[in-house]
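Lettering follows sequence order; numbering is per chain, from 1. Computed over heavy atoms, backbone and side chain alike; hydrogens, waters and symmetry mates excluded. Bear in mind that the values here come from a model prediction, so they are computed numbers and not experimental data.
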Amino acid sequence: MAEIVLDHVTKRFPDGALAVDDVNLTIADGEFVILVGPSGCGKSTTLNMIAGLEDISDGELRIGGEVANQKSPRDRDIGMVFQNYALYPHMTVRENMAFSLKLAKADKATIDERVNWAAGILDLTDHLERKPGQLSGGQRQRVAMGRVIVRTPNAFLMDEPLSNLDAKLRVQMRTEVSRLQKRLNTTTVYVTHDQVEAMTLGDRVAVMRGGVIQQVGPPEELYDRPANLFVAGFIGSPAMNFLPATVKSDTVSSPFGDLRLPDARRRRLQASGGGERTVIIGIRPEHFEDAELVGDKRDQGTVFKATVDLLESLGSDKYAYFTVKSERASAQHLEELAADAGGVETTTEDGVQVTARLDSASKAKEDQELELWLDLRRVHVFDPESGENLTVDTVEGGDEAEKPVEKPVEKPVEKAAEDAPAKP
Amino acid sequence: MNTTPRQRVGWGAANVIVVLVAAIPVLWLVSLSFKDPSTITDGSFYPHNWTFANYRGIFDQPLFTHALVNSIAIALISTFLGVALGAMAAYAIARLDFPGKRLLVASALLIAMFPAISLVNPMFNLWRTLGIFDTWVGLIIPYMTFSLPLSIYTLSAFFREIPWELERAAALDGATPLQAFRRVIIPLAAPGVFTTAILVFLYCWNDFVFAISLTSTNNARTVPAALAFFTGASQFEQPTGSIAAAAVVITIPVIIVVLLFQRRIVAGLTAGAVKG
């Protein structure tokens, strides 16, 4: 168990490409930190530098207080789960898990005890004498974790460990990883490109873009107070809606009408620069609501009308898609997010498609006009040039006054699974 | 694919012809080796007087027994060295990016393509000056040279198929690079190493050009070269039977190896052909 400190860590490849640029991150003992970002953002390189599989070009890495830049992987005492598991195919599950203990010259009784303990936790006891080739994907994944936990290393590193599993198994293994980490309370760094994994697993999440950490914080904080357009667009599913708007003296002129933001947000927006200027507003789908169902919160938002193009009912909620007449919001951050999403275009010839999450009680119908309510307390305003969020204080732990009462991130499914007994 | 009876007959006939063309000289050799000297020239394919005299005879001749020992020892040593050096080179080629890698691979290919016969004369002179003419070393060196490209190519194809993550996993499990190579990579590459060894062994075992040119006595002469020096029981007798028997004896190990490992050999020759 140890604290991991990345102090101005930089990785420059021999061809001059800057993969990781001046990363500062302190991972406390026992903490579960997620590195998340689109492919090529430097998250795996960062992980490999912690593991010792990549050299550090600049800066300092400290594990448990000791500088580890020059230590070989074997001297760092770190366990790593690889994306493709990297199980030794010629060894049985037992041998795979015992390999590190054998190399450390542990005595046979200890090895057996540790392997049996890990197999018990991971539900692999019946498969110990099998070869990896005879196991299912989920079992292989568990062996990869077993190999890491048998020797209680300083830290666990996980490089997209769930990305090779099918969707259902991925959700199941996600809860297992979470439960295992809580049980063993070992410092864990977990790399993923899946923002759902990032939100559900980590104590803290670091969003990376182009080798630079954009924002670090607890998942709720990243969700409620994104530092910039990139974080706002990357975290959350369905993604935040972005639209161009213009700031005038004390209102924001938007495709939804003139928005009068709450005092705190307006003050911060004015402090960031005066005069009339173009900005990008960001609104999460759940901050819209069917105006009929809003009740006494109505005066905290604004109401507008739109025709629902498409309605998806998920039982618990309804997703309404509608088009607003507007240009597409354009900014470097948004281009990158669109590229990562596979270039899915959200504009139609009439304007920009907006997603709204409505209560399941909504009577909205496709192709009918609906009166929608927009929660002004949750509207973000971004600078299109820098991408910076102009309306919220994004310093970790700051901005208490505006913290929402209910948690917008839904974790009840995970919690229930954690409390449930292990599956047979 | 469905075949008509006509197609089947046609293909069957073609196969039979090919097998006959390939097998008749070998069978003839076997037949000759069992004939006694008086019936050698009787023109019959089937020996009328079966005899093992030829086989007994060759094992009494120091020429053959020495050559057999030379053949086995030289082929085994060359194979061992060729595969060991080849494995290291192939591992580097498969895993590392170093300056001159393409040049190394290209020159290995060039050596493999180089006609051995054109090297024999200069080597003859060179070996005599160096004092390694007619020694084991004198044959092991050219065998290694010409089998290294083969082993580098086949082994690097096998190494490339082993995911790099396995070594990284081993390193994080606390293995030194040597432990990772020995306990993870080599066991996984064992089929490839074995296949390469077989191919290299066959090359050394079958060589005639170097063996006849770079030896002069029983010191280092291998069986393919020694066959030419057999004499009959008397000066006036053709040693046909003995030569046939010796040829059969040295073919047997090749046939056994090929029959046992034919799949492996094909895998080695086509390794990396499809993927990577």
Value for CD (B:E165) from CD (A:Q83), rounded to nearest 0.5 Å, stands at 8.0 Å

Could you state the interatomic distance from CG (A:N84) to CH2 (B:W164), rounded to the nearest 0.5 Å? 14.0 Å

If contact means a heavy atom pair closer than 4.5 Å, which residues of residues 101-114 of chain A contact chain B? A:K102, A:L103

Whether over 12 other heavy atoms sit under 6.0 Å from A:W117 CH2: yes

Using only non-hydrogen atoms and a strict under-4.5 angstrom cutoff, which residues of residues 169-181 of chain B touch chain A? B:A169, B:A170, B:A171, B:L172, B:D173, B:G174, B:A175, B:T176, B:Q179

Nearest heavy-atom neighbours spanning B:L166 and A:Y88: O-CE2, 3.7 Å

When heavy-atom pairs shorter than 4.5 Å are enumerated against chain B, which of A:S72, A:G79, A:P73 gives the highest number? A:P73

Which bit of A:R151 comes within less than 4.5 Å of chain B, counting heavy atoms only: side chain, backbone, both or neither? side chain

I'd like to know which of A:V81, A:D75, A:L87 tops the heavy-atom pair count under 4.5 Å against chain B. A:L87

Quick check on B:R8: does its CZ atom have over 12 non-hydrogen neighbours (other residues, nucleotides or ligands) under 6.0 Å away? yes

Please check if atom CZ in B:F80 has more than 12 non-hydrogen atoms from other residues, nucleotides or ligands closer than 6.0 Å. no

Quick check: under 4.5 Å, non-hydrogen atoms only, which of residues 246-258 of chain B neighbour chain A? none

For the CZ atom on A:R12, are there more than 12 heavy atoms of other groups (residues, nucleotides or ligands in this structure) within a distance under 6.0 Å? no

Does A:H90 reach the main-chain N or O of B:I185 with its side chain, forming a donor-acceptor pair under 3.5 Å? no

Heavy-atom count check: over 12 atoms from other residues, nucleotides or ligands less than 6.0 Å from A:Q70 CD? no

For A:D55, look at atom CG and say whether over 12 heavy atoms of other residues, nucleotides or ligands are found less than 6.0 Å away. no

Using non-hydrogen atoms and a limit below 4.5 Å, what part of residues 137-149 of chain A faces chain B? A:R147

